[in-house]
Amino acid sequence: MAGASVVACCSLVIMALMAAAAMAGSVPAVYVFGDSLADVGNNNHLLTLLKADFSHNGMDYAGGKATGRFSNGKNSADFLADKLGLATSPPYLALSSSSNANYVNGVSFASGGAGVSNATNKNQCITFDKQIEYYSGVYSSLARSLGQAQAATHLARSIFAITIGSNDIIHYAKANNAATPSQQQQYVAALIQSLSGQLQSLYNLGARKVLFLGTGPVGCTPSLREMSSAKVCNAVGNSMAVQYNKAAEGVLSGMAAKYTDLHYALFDSSAALLRYIDQPAEYGFVEAKAACCGLGDMNAKIACTPLSSYCANRSDHVFWDFYHPTEATAQKLTATAFDGSAPFIFPINVRQLSAI
Ligand SMILES: *[C@@H]1O[C@H](CO)[C@@H](O)[C@H](O)[C@H]1NC(C)=O
Ligand SMILES: *[C@@H]1O[C@H](CO)[C@@H](O)[C@H](O)[C@H]1NC(C)=O
């Protein structure tokens, strides 16, 4: 009896230790791709209009510093890293300038303005295709430093976080405010065709745990609301976001059916964020329409610059500037992606994805 309980006790301890080791060791790094929702400073290194390395950006970041994040504070890439117990993956363009760049702890290719299509903000950002090209170089560098097999294992355990599509849809909706459902479908289908090839390239280059952040309800960003006299959400933008997220899910589930070693979590940012916009008080928000920082009607006419006005309480605003969420919004959304469930994050959440 005593012997049995000793065995039971110790095997429980060992199991707990193994579980802890598995948790701690399951995600060694995050490789980040996408747009301004995840940019942590790549655009600081570009000659572009799409920058955020000046105030009032970063006013709630450590030291009140503008870092290039399009936010008053941290963004989703920061909160994802926090949740995984990792440091935020540094901007590729900051790392790559050093001769002994180390990519083992993750790197971010995300660049403000980027879209699925090369044409979106052409010459103003690192396009998604270019991000993948840079990553391909990182892949080779890891294979050289760790050895092919070791690099493959490392990457297979890492999370590939991708947030892309908003800029394509925003551009389209702004230029085609009266697009018919079939025109919308056509554009989304073209995006999805590109996205499918891009995700395949990442799989070919070792991605095995993909967190795909679908686009938010871009029609409700202050900039697109501002286009209507009643200041309502832009229907074209919102409907295309829904279609795009659904089709992206189709691409990923198709890939997962074909490649049994591919795991993914898809975050429906549109469904998740619409909750805050429809019922702000329920989620701790007071203002879900106007931007906190900017100028003009709803602070949505002009970007957040040092000359813009800003709101007193950034935690009660859903939107920081005319396109981007506040730190408070990013934090709440990331928490849902990490521990939430369908219809917001599926077929598994980020905690489950990281534990695989
Ligand atoms: C987009 O740009 C990449 C290079 O950055 C190129 O390889 C690719 O063919 C381009 N795609 C299209 C559709 O033009
Ligand atoms: C700011 O807003 C948050 C969220 O609504 C609220 O909890 C907090 O009390 C507000 N702070 C101040 C100083 O009003």
Side-chain angles (χ1 to χ4, degrees), residues 36-40 52 54-83 88 163 166 213-226 230-233 238 241 267-341 343-345 349-351:
S36 55
L37 296 171
D39 191 343
V40 290
F54 45 78
S55 67
H56 303 297
N57 292 298
M59 65 186 300
D60 299 311
Y61 195 80
K65 200 173 68 179
T67 57
R69 288 166 175 79
F70 296 78
S71 170
N72 58 305
K74 295 179 176 180
N75 67 23
S76 293
D78 297 305
F79 288 117
L80 175 66
D82 280 355
K83 290 258 181 203
T88 299
T163 171
S166 303
L213 304 157
T215 69
V218 295
C220 297
T221 55
S223 177
L224 269 70
R225 256 189 209 274
E226 227 292 308
K231 312 299 173 208
V232 291
C233 297
N238 277 8
F267 186 60
D268 188 340
S269 312
S270 190
L273 184 51
L274 270 177
R275 293 174 306 165
Y276 309 167
I277 291 168
D278 291 342
Q279 295 175 292
E282 222 160 278
Y283 297 93
F285 294 105
V286 171
E287 180 57 67
K289 294 179 179 165
C292 169
C293 181
L295 279 177
D297 209 9
M298 298 200 316
N299 278 344
K301 284 277 194 207
I302 292 179
C304 179
T305 73
L307 301 177
S308 302
S309 58
Y310 60 85
C311 61
N313 188 350
R314 273 77 65 192
S315 303
D316 70 16
H317 275 61
V318 172
F319 291 101
W320 163 239
D321 65 9
F322 57 1
Y323 288 122
H324 303 102
T326 53
E327 173 182 79
T329 301
Q331 180 165 29
K332 287 183 175 121
L333 291 177
T334 311
T336 301
F338 211 84
D339 282 312
S341 54
F344 307 114
I345 181 91
N349 63 30
V350 182
R351 186 181 295 281

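Indexing begins at 1, ligand by ligand and atom by atom, following the structure's order. Only a predicted model underlies this, so the values are computations on that prediction, with no experimental measurement involved.
If you check each of S315, G284, A328 against atom 5 (O) of ligand 2, the one with the closest non-hydrogen atom is G284.
Counting heavy-atom neighbours within 6.0 Å of K289 NZ, excluding the residue itself, gives a total of 12 or less. Atom OH of Y310 sits in a sparse spot, with 12 or fewer heavy atoms from other residues, nucleotides or ligands closer than 6.0 Å. Open room surrounds NZ on K65; 12 or fewer heavy atoms of other groups in view lie less than 6.0 Å from it.
Within the 4.0 angstrom cut-off, atom 14 (O) of ligand 2 has one or more protein heavy-atom neighbours. Remark: atom 9 (O) of ligand 2 lies closer than 4.0 Å to no protein heavy atom.
D78 and T88 are linked by a side-chain donor-acceptor pair at a separation below 3.5 angstrom, with hydrogens and angles left out of the test.
Of all protein heavy atoms, the one closest to atom 6 (C) of ligand 2 is N313 ND2, 4.2 Å.
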